[in-house]
Amino acid sequence: MFHVKHMGAIMLNTTCDFLIIGSGIAGLSFALRVAQLGSVIVITKKNEIDSATNLAQGGIAAVMSASDSKQNHTQDTLVSGAGLCNEEVVRMVVDKGPERVRDLIALGVGFVKNSKDSSGLDLGREGGHSKRRVAHAHDFTGKEIERTLLEKVKGTASIQVLENHRAVDLILMTENKENEKKLGGCCAGAYVLNEKGEVEVYRAKVTTLCTGGTGKVYLYTTNPDIATGDGLAMAFRAGAIMANMEFVQFHPTCLYHPKAKNFLISEAVRGEGGILVDQDGHPFMEKYDSRKDLATRDAVARAIDREMKERGADCVFLDITHKDKEFVKERFPTIYKRCLEYGIDITCELIPVVPAAHYMCGGVETDIWGRTSIDGLLALGETACTGLHGANRLASNSLLEAVVFAERAYEYCADHWDSISCKAFPEVESWKVGDAQALSEEILIHHNWDLIRRIMWNYVGIVRNIKRLQLAKKHVKALFQEIEQHYKDYFVSQDMIELRNIALVSLLIIESALHRKESRGLHYLVDYPESQEKLAKNTRFRKKSGEWPGEVEFV
Ligand code: SIN
């Protein structure tokens, strides 16, 4: 399906030095740097701005102030990661953080300033941080970063951004049949569905997955529609080693309103004094954690889940009414305006909130340079599992990870440019339509889409048990098999690509969750409520060779 054949029909196709799949902060930062080395194509499946970055409200965590230290940031990240962070990676990211934030400022990102702090920046605080260290642009930090990067990308001649182009699968070059059985090999680009509905071949010397996360696997999520785990699914199908996919972070506070789709209420609201209260207006976090409302996300989300279940409540509430009105409006303009549209004045009314799927801490395993286990394939941002987040990402460490690793991956490519640039483009077979036909009933897609997301929400959520996980596996496996058959029977479409990917990613989350027989960080299993020292290691797996396409092999 996606292997390069060394003989056979050859079609004219597009070549570039760097193929970057995804246009969030990771993809664009990497594009801007490698544009100095060679030609770059960024493909993005909707509009260039549609990314999780664009929705990020909180900001980017880094040690910018004299009152903070790298030791503090490292320690907070390790505590949040619950024993699974790679300390070398944490130290490297924390160390490079301030430099990367200064790069963003130099590019033109307008972080809010504060002359009273030694950093000159208005630093925010979020859950799990012992200090104020989150550089922000009010509550639209991601949008501001995305805007700045896109502006620079547009002014760079060697970067071409293709909107409405969806990667279907990676092109994997294997030396011979024997190797093909062992999987691995070398990535030579991707098959890409263009806006006319044709599948084109994009050949590249370096292919980089920056497709963001997997939030759309769940019924309720803070993520944008593009977050269907495409990079993870493609990497798995190509045989890459994956890690830690049981660690799905649920953001504690997504707006609960029938008309609001995926609207996040930033953790920075709690950082500025917001308090979680029950329907009677009583604060409840102190019952669960001594850090109260600024405990790490896993702890806050579980507490809310418990409160809602015990009281049979549809939501809990966030109270910021005790803060100065003008301060709230100025600090959180996006949240203020959006809530007002729904009839909630956050300066004098409680905000109804529920937890929602927010961030995938696992993903395609990479080394400290962003390299995956497949030669020629990099993964950056939420798609990657670099070792920074461990079992629970510290708030606002993700934008940081994206910029630090984009720079690291660039440094690697620059250092090895002589050998990368002389790689020949392999001959690649054009996409085969076979006996596929046009899909006549969209319901085949929509029904399964809905079923998977409900199963994941109800059976593979914040608090899990083995029985529900096993049921989820049974149901999702059956759906996955049906969808794989549809994928063969019908012409490929964007909806089909995404459905196929969420089905596979769901299965990988379930398999990983069943594999970890303990509770740790974001993975809470009632059958095994404690962490076990001997299990303080990553869940690493890959596609099992020769089996049906969703079978995993733990390594
Ligand atoms: C938020 O603003 O609460 C989200 C920030 C993050 O997920 O890091």
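Atoms within a ligand are numbered from 1 in the order they appear, just like the ligands themselves.
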- Mind jotting down which protein residues get a heavy-atom contact under 4.0 Å with ligand 1? Chain and number order, please. Gln57, Gly58, Glu126, His251, Leu264, Ser266, Glu267, Arg297, His358, Arg393, Ala395, Ser396
- Query: Strictly under 6.0 Å, is that where the ring centroids of Phe541 and His515 end up?
  - Reply: no
- Between Asp367 and Arg371, does at least one N-O distance fall below 4.0 Å, as a salt bridge requires? yes
- Do Glu272 and Arg331 meet the salt-bridge criterion of a basic N to acidic O distance under 4.0 Å? yes
- Any salt bridge between Arg302 and Asp305, counting N to O under 4.0 Å? no
- Could you walk me through whether Glu330 and Tyr336 pass the side chain to side chain donor-acceptor pair (under 3.5 Å) check? CA-CA 9 Å; Glu330 145 78 14; Tyr336 173 72; over 6 Å; no
- Going by an N to O cut-off under 4.0 Å, is there a salt bridge joining Asp76 and Arg133? yes
